[in-house]
Amino acid sequence: MHLTKEENEMLEGKYGYPVQKSMEILVGLGECYDAEKMIPVASSHTGGSAVMNGKAGCLFIKEMAEKSGVFLAFMDTNPSGIDPFLWREIGIPEETNQEQMAMSNDLVKMGAFLGNTCTPYLIGNVPVLGQHVSWTESSAIIFANSVLGARTNREADPVPIAAALTGRVPAYGYHLDQNRLAELRILVKAELKDLHDYGVLGYFTGKVAKDKVPALVSLPPSVSWDALAFFGAATATSGSVSLYHMIGITPEAPTEEAAFGTRRIKDFPTFEFGEKELRETEESLSKATTKEVDIVILGCPHASIGEMKALAQLLSGKRLHSGVEFWILTTEMVRSYAERMGYVHSIEKAGARVLSGTCPINMPPGLLKKQGHRTVATNSAKMAYYIIGVQGLLPYYGSTQRCIDAAISSVWR
Ligand code: F3S
(Lines give C-alpha, C1' and ligand atoms only; values in the text may rest on other atoms or scores of the structure.)
Protein backbone atom coordinates (compact mmCIF):
# COMPACT_ATOMS: atom_id res chain seq x y z
CA MET A 1 0.00 0.00 0.00
CA HIS A 2 1.40 3.38 -0.97
CA LEU A 3 1.58 5.88 1.89
CA THR A 4 2.51 9.55 1.53
CA LYS A 5 5.38 11.02 3.55
CA GLU A 6 2.88 12.45 6.04
CA GLU A 7 1.03 9.13 6.36
CA ASN A 8 4.32 7.34 7.01
CA GLU A 9 5.12 9.90 9.71
CA MET A 10 1.70 9.26 11.26
CA LEU A 11 2.50 5.55 11.34
CA GLU A 12 5.90 6.21 12.94
CA GLY A 13 4.35 8.23 15.76
CA LYS A 14 5.34 11.77 14.80
CA TYR A 15 1.78 13.05 15.48
CA GLY A 16 1.23 11.19 18.75
CA TYR A 17 -0.22 7.88 19.90
CA PRO A 18 -3.90 8.22 18.82
CA VAL A 19 -2.89 9.06 15.25
CA GLN A 20 -0.27 6.29 15.20
CA LYS A 21 -2.68 3.66 16.55
CA SER A 22 -5.39 4.80 14.11
CA MET A 23 -3.01 4.61 11.17
CA GLU A 24 -2.01 1.07 12.19
CA ILE A 25 -5.72 0.08 12.15
CA LEU A 26 -6.33 1.70 8.76
CA VAL A 27 -3.21 0.25 7.14
CA GLY A 28 -4.12 -3.22 8.46
CA LEU A 29 -7.63 -2.83 7.04
CA GLY A 30 -6.34 -1.52 3.72
CA GLU A 31 -3.92 -4.42 3.37
CA CYS A 32 -6.74 -6.93 3.98
CA TYR A 33 -8.61 -5.47 1.01
CA ASP A 34 -5.59 -4.73 -1.23
CA ALA A 35 -6.12 -0.97 -1.07
CA GLU A 36 -3.47 0.89 -3.03
CA LYS A 37 -3.59 4.15 -1.07
CA MET A 38 -5.36 6.29 1.54
CA ILE A 39 -7.96 8.92 0.64
CA PRO A 40 -9.18 11.94 2.64
CA VAL A 41 -12.56 11.69 4.44
CA ALA A 42 -15.10 14.51 4.69
CA SER A 43 -16.84 13.10 7.77
CA SER A 44 -17.18 10.17 10.14
CA HIS A 45 -20.24 8.70 11.86
CA THR A 46 -19.47 6.43 14.80
CA GLY A 47 -21.40 4.20 17.20
CA GLY A 48 -22.95 6.36 19.93
CA SER A 49 -24.12 3.70 22.36
CA ALA A 50 -21.89 2.57 25.22
CA VAL A 51 -24.08 -0.54 25.44
CA MET A 52 -23.41 -1.46 21.82
CA ASN A 53 -19.73 -0.48 21.92
CA GLY A 54 -19.17 -2.69 24.92
CA LYS A 55 -16.34 -2.42 27.45
CA ALA A 56 -13.56 -2.81 24.85
CA GLY A 57 -15.03 -0.16 22.55
CA CYS A 58 -15.48 2.31 25.42
CA LEU A 59 -11.91 1.68 26.64
CA PHE A 60 -10.52 2.34 23.15
CA ILE A 61 -12.36 5.69 22.99
CA LYS A 62 -11.23 6.57 26.53
CA GLU A 63 -7.60 5.82 25.70
CA MET A 64 -7.71 7.92 22.52
CA ALA A 65 -9.27 10.83 24.45
CA GLU A 66 -6.83 10.59 27.40
CA LYS A 67 -3.90 10.62 24.99
CA SER A 68 -5.19 13.88 23.46
CA GLY A 69 -6.70 12.52 20.24
CA VAL A 70 -8.38 15.19 18.10
CA PHE A 71 -10.84 14.45 15.29
CA LEU A 72 -9.57 16.02 12.07
CA ALA A 73 -12.74 15.15 10.13
CA PHE A 74 -16.26 16.13 11.25
CA MET A 75 -17.49 13.38 13.58
CA ASP A 76 -21.01 12.69 14.85
CA THR A 77 -22.65 9.79 16.66
CA ASN A 78 -25.27 7.08 16.15
CA PRO A 79 -28.07 6.67 18.77
CA SER A 80 -26.90 6.38 22.35
CA GLY A 81 -28.10 3.86 24.93
CA ILE A 82 -30.27 6.42 26.74
CA ASP A 83 -32.77 9.20 26.15
CA PRO A 84 -31.10 12.23 27.78
CA PHE A 85 -34.42 13.53 29.17
CA LEU A 86 -36.61 10.44 29.72
CA TRP A 87 -34.06 7.74 30.61
CA ARG A 88 -35.37 7.30 34.16
CA GLU A 89 -39.03 7.26 33.08
CA ILE A 90 -38.44 4.52 30.51
CA GLY A 91 -36.50 2.39 32.98
CA ILE A 92 -32.87 2.75 31.82
CA PRO A 93 -30.61 1.67 34.74
CA GLU A 94 -28.45 4.30 36.47
CA GLU A 95 -25.32 2.29 35.61
CA THR A 96 -26.15 2.45 31.85
CA ASN A 97 -26.58 6.21 32.14
CA GLN A 98 -23.20 6.57 33.87
CA GLU A 99 -21.39 4.46 31.28
CA GLN A 100 -23.08 6.37 28.47
CA MET A 101 -22.14 9.77 29.92
CA ALA A 102 -18.50 8.67 30.31
CA MET A 103 -18.19 7.44 26.71
CA SER A 104 -20.06 10.45 25.26
CA ASN A 105 -17.81 12.83 27.22
CA ASP A 106 -14.70 11.11 25.83
CA LEU A 107 -16.01 11.52 22.28
CA VAL A 108 -16.81 15.20 22.90
CA LYS A 109 -13.29 15.70 24.32
CA MET A 110 -11.92 14.69 20.90
CA GLY A 111 -14.31 17.01 19.09
CA ALA A 112 -17.36 14.84 18.28
CA PHE A 113 -20.84 16.28 17.87
CA LEU A 114 -23.32 14.16 19.84
CA GLY A 115 -25.96 13.94 17.12
CA ASN A 116 -26.97 10.55 18.55
CA THR A 117 -28.97 9.57 15.51
CA CYS A 118 -29.11 7.06 12.67
CA THR A 119 -30.25 9.92 10.39
CA PRO A 120 -27.14 12.15 10.52
CA TYR A 121 -28.12 13.51 7.08
CA LEU A 122 -31.16 15.17 8.74
CA ILE A 123 -29.09 17.13 11.23
CA GLY A 124 -26.15 18.48 9.27
CA ASN A 125 -23.80 15.60 8.39
CA VAL A 126 -24.60 15.73 4.66
CA PRO A 127 -21.70 14.73 2.40
CA VAL A 128 -22.12 15.59 -1.27
CA LEU A 129 -21.81 13.54 -4.45
CA GLY A 130 -18.46 11.78 -4.71
CA GLN A 131 -17.20 12.74 -1.24
CA HIS A 132 -15.51 9.99 0.77
CA VAL A 133 -16.74 9.40 4.34
CA SER A 134 -16.34 6.72 7.00
CA TRP A 135 -19.72 5.84 8.49
CA THR A 136 -21.09 3.11 10.69
CA GLU A 137 -24.86 2.24 10.92
CA SER A 138 -26.22 0.26 7.97
CA SER A 139 -29.29 2.50 7.39
CA ALA A 140 -27.17 5.67 7.31
CA ILE A 141 -24.44 4.08 5.15
CA ILE A 142 -26.89 3.01 2.46
CA PHE A 143 -28.49 6.48 2.47
CA ALA A 144 -25.10 8.19 2.13
CA ASN A 145 -23.96 5.93 -0.72
CA SER A 146 -27.22 5.77 -2.64
CA VAL A 147 -29.23 8.95 -2.06
CA LEU A 148 -26.38 11.41 -1.49
CA GLY A 149 -23.86 9.72 -3.78
CA ALA A 150 -21.17 9.94 -1.08
CA ARG A 151 -18.80 6.98 -0.66
CA THR A 152 -18.40 4.79 2.38
CA ASN A 153 -17.89 1.14 3.17
CA ARG A 154 -20.04 -0.59 5.77
CA GLU A 155 -17.74 0.37 8.63
CA ALA A 156 -17.71 -0.91 12.17
CA ASP A 157 -15.98 0.82 15.05
CA PRO A 158 -13.15 1.57 15.58
CA VAL A 159 -12.71 2.38 11.85
CA PRO A 160 -14.73 5.66 11.77
CA ILE A 161 -12.84 6.81 14.87
CA ALA A 162 -9.47 5.99 13.31
CA ALA A 163 -10.59 7.69 10.08
CA ALA A 164 -11.61 10.89 11.91
CA LEU A 165 -8.36 10.94 13.94
CA THR A 166 -6.21 10.72 10.79
CA GLY A 167 -8.60 12.29 8.26
CA ARG A 168 -8.17 9.25 5.98
CA VAL A 169 -9.52 5.84 4.96
CA PRO A 170 -8.02 3.13 2.75
CA ALA A 171 -9.33 3.30 -0.84
CA TYR A 172 -11.22 0.05 -1.44
CA GLY A 173 -14.80 -1.23 -1.83
CA TYR A 174 -17.45 1.44 -2.39
CA HIS A 175 -14.81 4.20 -2.53
CA LEU A 176 -13.89 2.94 -6.02
CA ASP A 177 -15.94 3.57 -9.20
CA GLN A 178 -15.80 -0.03 -10.40
CA ASN A 179 -17.56 -1.35 -7.26
CA ARG A 180 -20.50 1.05 -7.53
CA LEU A 181 -22.16 -0.34 -10.64
CA ALA A 182 -25.52 -2.16 -10.51
CA GLU A 183 -25.50 -5.96 -10.52
CA LEU A 184 -29.23 -6.84 -10.69
CA ARG A 185 -32.58 -5.23 -11.52
CA ILE A 186 -35.70 -5.00 -9.37
CA LEU A 187 -38.72 -4.21 -11.51
CA VAL A 188 -41.32 -2.57 -9.24
CA LYS A 189 -44.88 -3.34 -10.33
CA ALA A 190 -46.69 -3.02 -6.98
CA GLU A 191 -48.31 0.26 -6.04
CA LEU A 192 -46.41 1.77 -3.09
CA LYS A 193 -48.90 3.76 -1.03
CA ASP A 194 -46.94 4.87 2.02
CA LEU A 195 -43.55 4.82 3.77
CA HIS A 196 -44.18 1.35 5.11
CA ASP A 197 -44.61 -0.06 1.58
CA TYR A 198 -41.14 1.29 0.72
CA GLY A 199 -39.83 -0.64 3.73
CA VAL A 200 -41.47 -3.82 2.42
CA LEU A 201 -39.88 -3.25 -1.00
CA GLY A 202 -36.55 -2.70 0.75
CA TYR A 203 -36.83 -5.93 2.72
CA PHE A 204 -37.61 -7.84 -0.50
CA THR A 205 -34.72 -6.12 -2.29
CA GLY A 206 -32.19 -6.98 0.44
CA LYS A 207 -33.28 -10.63 0.38
CA VAL A 208 -32.69 -11.05 -3.33
CA ALA A 209 -29.69 -8.70 -3.66
CA LYS A 210 -27.77 -10.08 -0.63
CA ASP A 211 -24.45 -8.13 -0.85
CA LYS A 212 -24.86 -6.93 -4.45
CA VAL A 213 -25.83 -3.50 -5.83
CA PRO A 214 -29.47 -3.49 -7.00
CA ALA A 215 -31.02 -1.10 -9.53
CA LEU A 216 -34.70 -0.29 -8.88
CA VAL A 217 -36.72 0.31 -12.01
CA SER A 218 -40.14 2.04 -12.39
CA LEU A 219 -40.34 4.08 -9.18
CA PRO A 220 -41.94 7.56 -9.25
CA PRO A 221 -39.45 10.46 -9.33
CA SER A 222 -41.47 12.14 -6.57
CA VAL A 223 -40.32 9.58 -3.94
CA SER A 224 -39.54 11.37 -0.64
CA TRP A 225 -36.38 11.25 1.52
CA ASP A 226 -38.48 9.60 4.24
CA ALA A 227 -39.49 6.81 1.85
CA LEU A 228 -35.86 6.38 0.78
CA ALA A 229 -34.80 6.15 4.44
CA PHE A 230 -37.41 3.42 5.06
CA PHE A 231 -36.40 1.60 1.89
CA GLY A 232 -32.66 1.71 2.63
CA ALA A 233 -32.94 0.66 6.29
CA ALA A 234 -34.96 -2.41 5.29
CA THR A 235 -32.66 -3.28 2.36
CA ALA A 236 -29.61 -3.18 4.63
CA THR A 237 -31.45 -5.40 7.15
CA SER A 238 -32.41 -8.42 5.05
CA GLY A 239 -29.22 -8.18 2.99
CA SER A 240 -25.85 -6.56 3.48
CA VAL A 241 -26.64 -4.07 0.72
CA SER A 242 -24.78 -0.76 1.18
CA LEU A 243 -25.57 0.89 -2.15
CA TYR A 244 -28.57 0.86 -4.48
CA HIS A 245 -29.59 2.83 -7.52
CA MET A 246 -33.10 4.02 -8.32
CA ILE A 247 -33.26 4.79 -12.00
CA GLY A 248 -34.06 8.44 -12.63
CA ILE A 249 -33.95 9.22 -8.90
CA THR A 250 -30.57 8.62 -7.24
CA PRO A 251 -27.60 10.66 -8.47
CA GLU A 252 -25.46 7.91 -10.01
CA ALA A 253 -28.35 6.44 -12.00
CA PRO A 254 -30.02 8.99 -14.29
CA THR A 255 -30.51 6.05 -16.70
CA GLU A 256 -30.16 2.26 -16.53
CA GLU A 257 -27.10 2.52 -18.77
CA ALA A 258 -25.43 4.83 -16.23
CA ALA A 259 -26.22 2.43 -13.38
CA PHE A 260 -24.81 -0.65 -15.16
CA GLY A 261 -21.86 1.06 -16.87
CA THR A 262 -20.63 -0.33 -20.15
CA ARG A 263 -21.85 -3.88 -19.41
CA ARG A 264 -24.90 -5.45 -21.09
CA ILE A 265 -27.96 -5.01 -18.87
CA LYS A 266 -29.55 -8.21 -20.14
CA ASP A 267 -26.65 -10.24 -18.67
CA PHE A 268 -27.89 -9.37 -15.15
CA PRO A 269 -30.90 -10.97 -13.40
CA THR A 270 -34.25 -9.16 -13.03
CA PHE A 271 -36.61 -9.75 -10.09
CA GLU A 272 -40.22 -8.54 -10.13
CA PHE A 273 -41.87 -6.95 -7.10
CA GLY A 274 -45.64 -7.09 -7.55
CA GLU A 275 -48.66 -7.10 -5.21
CA LYS A 276 -48.00 -10.77 -4.31
CA GLU A 277 -44.39 -10.07 -3.25
CA LEU A 278 -45.55 -7.00 -1.31
CA ARG A 279 -48.11 -9.00 0.65
CA GLU A 280 -45.90 -12.05 1.26
CA THR A 281 -42.88 -9.99 2.34
CA GLU A 282 -44.97 -7.93 4.76
CA GLU A 283 -46.54 -11.04 6.30
CA SER A 284 -43.15 -12.74 6.70
CA LEU A 285 -41.99 -10.11 9.20
CA SER A 286 -44.89 -10.49 11.66
CA LYS A 287 -43.83 -13.19 14.12
CA ALA A 288 -46.29 -12.59 16.97
CA THR A 289 -49.50 -14.60 17.12
CA THR A 290 -51.36 -13.53 20.29
CA LYS A 291 -53.03 -10.48 18.64
CA GLU A 292 -52.33 -8.46 21.81
CA VAL A 293 -49.93 -5.54 21.43
CA ASP A 294 -47.84 -4.36 24.41
CA ILE A 295 -45.74 -1.62 22.84
CA VAL A 296 -45.76 0.32 19.56
CA ILE A 297 -42.46 1.65 18.21
CA LEU A 298 -42.29 4.09 15.27
CA GLY A 299 -39.41 6.26 14.07
CA CYS A 300 -36.91 3.66 12.86
CA PRO A 301 -34.86 5.20 11.28
CA HIS A 302 -35.31 8.31 13.46
CA ALA A 303 -38.38 10.27 12.38
CA SER A 304 -37.97 13.43 10.28
CA ILE A 305 -39.90 16.61 11.05
CA GLY A 306 -42.31 15.65 8.24
CA GLU A 307 -43.02 12.29 9.88
CA MET A 308 -43.46 14.00 13.27
CA LYS A 309 -46.04 16.34 11.74
CA ALA A 310 -47.92 13.44 10.12
CA LEU A 311 -47.88 11.43 13.37
CA ALA A 312 -49.13 14.42 15.37
CA GLN A 313 -52.04 14.76 12.92
CA LEU A 314 -52.85 11.04 13.07
CA LEU A 315 -52.77 11.03 16.89
CA SER A 316 -54.52 14.35 17.44
CA GLY A 317 -57.69 13.89 19.49
CA LYS A 318 -57.05 10.14 19.95
CA ARG A 319 -56.66 8.30 23.26
CA LEU A 320 -54.27 5.34 23.29
CA HIS A 321 -55.05 2.19 25.30
CA SER A 322 -53.74 2.56 28.86
CA GLY A 323 -52.04 -0.84 28.68
CA VAL A 324 -50.06 -0.05 25.54
CA GLU A 325 -46.75 1.83 25.62
CA PHE A 326 -46.13 3.95 22.49
CA TRP A 327 -42.69 5.29 21.50
CA ILE A 328 -41.80 7.56 18.60
CA LEU A 329 -38.02 7.73 18.07
CA THR A 330 -36.34 10.83 16.68
CA THR A 331 -33.32 13.10 17.05
CA GLU A 332 -32.94 15.75 19.74
CA MET A 333 -32.89 18.40 17.02
CA VAL A 334 -36.10 17.22 15.34
CA ARG A 335 -37.75 16.78 18.74
CA SER A 336 -37.02 20.36 19.65
CA TYR A 337 -38.58 21.65 16.40
CA ALA A 338 -41.51 19.28 16.87
CA GLU A 339 -41.99 20.71 20.35
CA ARG A 340 -42.04 24.29 19.06
CA MET A 341 -44.54 23.33 16.37
CA GLY A 342 -46.90 21.72 18.90
CA TYR A 343 -46.47 18.21 17.43
CA VAL A 344 -45.01 16.78 20.65
CA HIS A 345 -47.96 18.19 22.60
CA SER A 346 -50.51 16.42 20.33
CA ILE A 347 -48.54 13.17 20.48
CA GLU A 348 -48.15 13.23 24.27
CA LYS A 349 -51.79 14.21 24.80
CA ALA A 350 -52.79 10.99 23.04
CA GLY A 351 -50.61 9.03 25.50
CA ALA A 352 -47.48 8.42 23.41
CA ARG A 353 -43.86 9.39 24.19
CA VAL A 354 -41.31 11.03 21.91
CA LEU A 355 -37.86 9.59 22.65
CA SER A 356 -34.78 11.31 21.33
CA GLY A 357 -31.20 10.26 20.68
CA THR A 358 -31.76 6.56 21.28
CA CYS A 359 -33.61 3.41 20.20
CA PRO A 360 -34.35 -0.02 21.74
CA ILE A 361 -31.65 -1.68 19.64
CA ASN A 362 -29.03 0.54 21.34
CA MET A 363 -30.44 0.15 24.86
CA PRO A 364 -29.52 -2.65 27.29
CA PRO A 365 -30.57 -5.98 25.74
CA GLY A 366 -33.69 -7.54 27.23
CA LEU A 367 -34.78 -4.31 28.96
CA LEU A 368 -38.26 -4.27 27.37
CA LYS A 369 -38.88 -7.93 28.10
CA LYS A 370 -37.91 -7.41 31.75
CA GLN A 371 -40.50 -4.64 31.86
CA GLY A 372 -43.18 -7.18 30.90
CA HIS A 373 -43.54 -6.45 27.18
CA ARG A 374 -43.90 -9.45 24.91
CA THR A 375 -45.15 -8.07 21.60
CA VAL A 376 -44.37 -4.94 19.60
CA ALA A 377 -46.15 -3.31 16.65
CA THR A 378 -43.97 -1.36 14.24
CA ASN A 379 -44.02 0.09 10.73
CA SER A 380 -40.26 -0.49 10.38
CA ALA A 381 -38.83 -3.66 8.85
CA LYS A 382 -35.51 -3.02 10.59
CA MET A 383 -37.14 -2.72 14.02
CA ALA A 384 -39.30 -5.81 13.40
CA TYR A 385 -36.20 -7.81 12.50
CA TYR A 386 -33.79 -6.76 15.26
CA ILE A 387 -36.11 -6.40 18.24
CA ILE A 388 -36.53 -10.17 18.43
CA GLY A 389 -32.86 -10.80 19.17
CA VAL A 390 -32.04 -7.64 21.13
CA GLN A 391 -35.15 -7.12 23.26
CA GLY A 392 -36.80 -10.55 23.04
CA LEU A 393 -40.13 -9.19 21.72
CA LEU A 394 -42.20 -10.70 18.90
CA PRO A 395 -43.22 -8.17 16.23
CA TYR A 396 -46.33 -7.25 14.31
CA TYR A 397 -45.30 -5.40 11.18
CA GLY A 398 -47.68 -3.13 9.26
CA SER A 399 -48.53 0.42 8.19
CA THR A 400 -48.38 3.45 10.49
CA GLN A 401 -52.19 3.58 10.62
CA ARG A 402 -52.39 -0.10 11.56
CA CYS A 403 -49.88 0.48 14.39
CA ILE A 404 -51.88 3.44 15.70
CA ASP A 405 -55.12 1.42 15.55
CA ALA A 406 -53.37 -1.32 17.54
CA ALA A 407 -52.25 1.23 20.14
CA ILE A 408 -55.86 2.40 20.56
CA SER A 409 -57.44 -1.06 20.82
CA SER A 410 -54.39 -3.01 22.09
CA VAL A 411 -55.20 -5.61 19.42
CA TRP A 412 -53.40 -6.25 16.11
CA ARG A 413 -55.86 -6.47 13.23
FE1 F3S B 1 -32.04 3.81 13.93
FE2 F3S B 1 -32.29 2.15 15.88
FE3 F3S B 1 -33.74 1.87 13.74
S4 F3S B 1 -30.39 2.94 15.09
S5 F3S B 1 -32.43 2.61 12.10
S6 F3S B 1 -33.84 3.59 15.20
S7 F3S B 1 -32.79 0.21 14.89
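Atoms within each ligand, like the ligands themselves, are counted from 1 in listed order.
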Just to check, does T119 reach to within less than 4.0 Å of ligand 1 when the distance is taken from its heavy atoms?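 No.
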
Measuring from the heavy atoms of S139, does anything fall under 4.0 Å of ligand 1? yes

If you count the atoms of ligand 1 from 1 in the order shown, which ones are under 4.0 Å from a heavy atom of [X]?
X	result
P79	4 (S)
E137	4 (S), 5 (S)
C359	2 (Fe), 4 (S), 6 (S), 7 (S)
C300	3 (Fe), 5 (S), 6 (S), 7 (S)
K382	5 (S), 7 (S)

Look at the side chain of S139 and the backbone N and O of A233, then say whether any donor-acceptor pair between them is shorter than 3.5 Å.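 Side chain of S139 to backbone of A233, a donor-acceptor pair under 3.5 Å: no, none is there.
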
Quick check: does any side chain N or O of E252 sit under 3.5 Å from a backbone N or O of G130, one acting as donor and the other as acceptor?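 Answer holds: no.
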
For ligand 1, indicate whether the residue N362 contacts it via side chain, backbone, both or neither (heavy-atom separation under 4.0 Å).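 Near ligand 1, N362 shows its side chain, while the N, CA, C and O stay back.
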
Look at C118 and state whether any of its N, O or S atoms is less than 2.8 Å from atom 1 (Fe) of ligand 1. yes

Which residue and non-hydrogen atom of the protein lie closest to atom 7 (S) of ligand 1, and at what distance in Å?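 Heavy-atom neighbour on the protein nearest atom 7 (S) of ligand 1: I361 CG1, 3.5 Å.
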
For the pair Y396 and W412, name the ring-plane relationship: parallel under 30°, tilted 30 to 60°, perpendicular over 60°.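 Parallel.
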
Can you tell whether the side chains of D294 and R374 come within less than 4.0 Å, N to carboxylate O? yes

N-O pairing of D211 and R154 below 4.0 Å: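 So D211 does not pair with R154 through a salt bridge.
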
K67 charged N/C atom sitting above Y17 aromatic ring, 6.0 Å / 45°: yes

Using the ring centroid of each side chain, check whether F231 and Y244 are separated by less than 6.0 Å.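 Yes; Y244 has its ring centre under 6.0 Å from that of F231.
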
